[in-house]
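Just so you know, these numbers use all the heavy atoms, side chains as well, and skip hydrogens, waters and symmetry mates.
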Amino acid sequence: MPRTSQGKYVTQASQVFQEGDNFWHAGKYDEARSCYEKSAGLYDEKNDVEGEAFALSRLGELELSLENYEASAKALNASIELVKNFIDGQNTYGDALIKLSKVQAADGNTTGAIATIHRAQEVLSAIDNLDLLGDAYDHEAYIYLMLNKEKDALQAYRKAADLFEQDHNSLKEASTLRAIARIEMKNKNYDVAHDLLEKCRNLYRENGDLLGEASALSAIGCLRYIIRDIANARKALMKSVYLYGKVSHHFAEAESLLYLARVEAYDREQGDFDRARAHYKRSIELFDFLGNEDMKKAVLDEYYNFLNRIMAN
């Protein structure tokens, strides 16, 4: 990968590579593309095989983000050819294979995507790169979900979570556990899903990731509502709303307020209709502030249905 010393890029090729990253982050995609291509050429002039492959891999990643699948596959295949037999470039080789599998999946070639991701797993397992191997299994699970093969997806997700745990990458582990919990909730395995979400929440909290913790709490609240544990649903969703507000994620805050309104609107014995009104109104205000007319209308309709229901009783 691009050479650095004390966090600074030390060659012309690596400096041009960094310029490419800067342009990409600024949304200047043509300039980023030109920099990555120039960087790959400069690495080639210095016979730096891995540097050239890394630049081409990043170019492929950029093209994938722009949904230029043919251009992305071309750059990634060029990267793969450079390092597939290069002993010191196996990390780059495995990473490029993961990206190529993502291109194939996005382009509808799921058969090719599965074959490529299995190839990536072989490469990364051989060099014991737990982090990238976890990424490979995570992507394999995504492909299986595309194919409606939930059992295979769960198996791949569990391998990914185990690898991330072994690598002490708790944020990736938490994200994978969240994905597993979604499937378990869909399959009505609520106890399993709840335990996964609690672990997920703890991992986010340990990392100080307020957004991740809020997301886990929102899921816990929804799960508790499904099983009609209204008190604990309220508790989790109130914490979720607070954390989303703290990080100013207004869309997610509005969604959690909607879920909280549903909890309070459940019935008069366990809920609180005055609080339900307040939560509905705040959710509507936030969606209005965000200019999301579709969600604003949907919540308004639900709010009016709630009012009609309680007035009829």
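R268 has its side chain within reach of I310: a pair of non-hydrogen atoms, C-beta onward, lies under 4.5 Å apart. Using a 4.5 Å heavy-atom threshold, the side chains of S175 and Y204 count as touching. Y157 has its side chain within reach of I183: a pair of non-hydrogen atoms, C-beta onward, lies under 4.5 Å apart. Two residues are said to be in side-chain contact when any heavy atoms from C-beta on lie closer than 4.5 Å; E184 and L154 meet this criterion. Considering only heavy atoms from C-beta on, K297 stays 4.5 Å or farther from L300 through its side chain. Counting heavy atoms from C-beta outward, D21 and R58 have side chains that approach closer than 4.5 Å. Considering only heavy atoms from C-beta on, L97 stays 4.5 Å or farther from I117 through its side chain. The closest side-chain heavy-atom distance from E140 to H118 is below 4.5 Å.
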* **L196 vs C200, side-chain contact (heavy atoms from CB on, under 4.5 Å): CA-CA, chis, key distance, verdict** => CA-CA 6 Å; L196 289 166; C200 175; over 6 Å; no
* To do: Take E122 and R119 through the test salt bridge (charged side-chain N to carboxylate O under 4.0 Å, His left out) and record every step on the way to the result.
  => CA-CA 5 Å; E122 291 173 5; R119 190 173 156 202; over 6 Å; no
* Steps toward side-chain contact (heavy atoms from CB on, under 4.5 Å) verdict (L258, H279) -> CA-CA 7 Å; L258 172 59; H279 296 324; over 6 Å; no
* Check step by step if side-chain hydrogen bond (donor to acceptor under 3.5 Å, both in side chains) holds for Q104 and T116. => CA-CA 9 Å; Q104 292 167 325; T116 301; 2.7 Å; yes
* Please assess E81 against N77 for the test side-chain hydrogen bond (donor to acceptor under 3.5 Å, both in side chains), listing each intermediate value before the final yes or no. => CA-CA 6 Å; E81 283 300 313; N77 278 314; over 6 Å; no
* Given the rule in the side-chain contact (heavy atoms from CB on, under 4.5 Å) test, do Q155 and Y144 qualify, once you have shown the distances and angles that lead to the verdict? -> CA-CA 10 Å; Q155 186 176 9; Y144 282 132; over 6 Å; no
* Please lay out, stage by stage, how F251 and Y244 fare under the test ring pair (Phe, Tyr, Trp, His ring centres under 6.0 Å). => CA-CA 9 Å; F251 183 89; Y244 278 134; 9.7 Å; no
* Please lay out, stage by stage, how F54 and F17 fare under the test ring pair (Phe, Tyr, Trp, His ring centres under 6.0 Å). => CA-CA 10 Å; F54 196 85; F17 181 94; 5.5 Å; yes
* Is there a salt bridge (charged side-chain N to carboxylate O under 4.0 Å, His left out) between D162 and R158 once you walk through the steps? -> CA-CA 6 Å; D162 182 57; R158 287 181 179 128; over 6 Å; no
* Between K149 and I143, is a side-chain contact (heavy atoms from CB on, under 4.5 Å) present by the stated rule, with each step listed? -> CA-CA 9 Å; K149 295 183 177 181; I143 300 169; over 6 Å; no
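Counting heavy atoms of neighbouring residues, nucleotides and ligands inside a 6.0 Å radius, atom OH of Y142 does not exceed 12 of them. Open room surrounds CG on D191; 12 or fewer heavy atoms of other groups in view lie less than 6.0 Å from it. By the neighbour-count criterion of 12 heavy atoms within 6.0 Å, atom CZ of F86 is densely surrounded, having more than that number from other residues, nucleotides or ligands.
A donor-acceptor pair is defined here as one N or O able to donate and one able to accept, closer than 3.5 Å; no such pair exists between the side chain of D44 and the backbone of A40. A donor-acceptor contact shorter than 3.5 Å is absent between the side chain of R275 and the backbone of L260. Not a single donor-acceptor pair under 3.5 Å links the side chain of S57 to the backbone N or O of L76. The backbone N or O of A71 lies less than 3.5 Å from no partner atom in the side chain of N68, so there is not a single donor-acceptor pair. Of the possible polar contacts, one joining the S34 side chain to the D30 backbone as a donor-acceptor pair under 3.5 Å is found. Side-chain atoms of R224 never come within 3.5 Å of backbone atoms of K235 as a donor-acceptor pair (strictly under, hydrogens ignored).
Using a cutoff of 4.0 Å between basic side-chain nitrogens and carboxylate oxygens, K38 and E19 are not scored as salt-bridged. Checked for salt-bridge contact, E302 and R262 meet the test: a charged N lies under 4.0 Å from a carboxylate O. Residues R33 and E63 are paired through a salt bridge, judged by an N-O separation under 4.0 Å between the basic side chain and the carboxylate. A salt bridge between D195 and K199 is absent, with no side-chain N of the basic residue lying under 4.0 Å from a carboxylate O of the acidic one.
We find the NZ-CD1 distance between K296 and I284 to be 8.5 Å, quoted to the nearest 0.5 Å. Rounding to the nearest 0.5 angstrom, the gap separating the CD atom in E206 from the OG atom in S170 is 6.5 Å. Separating the CG atom in D107 from the CD atom in E70 is a distance of 9.0 Å, to the nearest 0.5 Å. Rounding to the nearest 0.5 Å places CG of L257 at 11.0 Å from CD of E264. Interatomic distance, T176 OG1 to K159 NZ, rounded to the nearest 0.5 Å: 14.0 Å. To the nearest 0.5 angstrom, L243 atom CG is 11.0 Å from S215 atom OG.
Connection of Y304 to M295 is established within a shared hydrophobic cluster, with ILVMFWY side chains joined at heavy-atom distances below 4.5 Å, either directly or through further cluster members. At a threshold of 4.5 Å between side-chain heavy atoms, the hydrophobic network of Ile, Leu, Val, Met, Phe, Trp and Tyr places F306 and V299 in one connected group. Put simply, L133 and F164 are part of two different groups of oily side chains (I, L, V, M, F, W, Y) that touch within less than 4.5 Å, one to the next. I127 and L132 fall within a single hydrophobic cluster, where Ile, Leu, Val, Met, Phe, Trp and Tyr side chains are chained together by heavy-atom contacts under 4.5 Å. Residues I80 and L56 share a single hydrophobic cluster, defined by chaining ILVMFWY side chains whose heavy atoms lie under 4.5 Å apart.
Nearest heavy atom pair, residue S39 against residue V16, reads N-CG1, 3.9 Å. When all heavy atoms of Q90 and V83 are compared, the closest pair comes out as NE2-O, 3.1 Å. In plain terms, the two heavy atoms of L237 and G221 that are nearest each other are CG-CA, 3.8 Å. Across A219 and M185, no two heavy atoms sit closer than the pair O-CE, 4.3 Å. Closest approach of E253 to V241, counting heavy atoms only: CG-O, 4.1 Å. Among all heavy-atom pairs drawn from G94 and A120, the shortest one is O-CB, 4.0 Å.
For the pair R228 and Y225, the cation sits on the ring face: its NZ or CZ lies under 6.0 Å from the ring centre, inside 45° of the axis.
Only one option out of D135, D95, N91 pairs with N129 in a side-chain hydrogen bond (donor to acceptor under 3.5 Å, both in side chains); it is N91.
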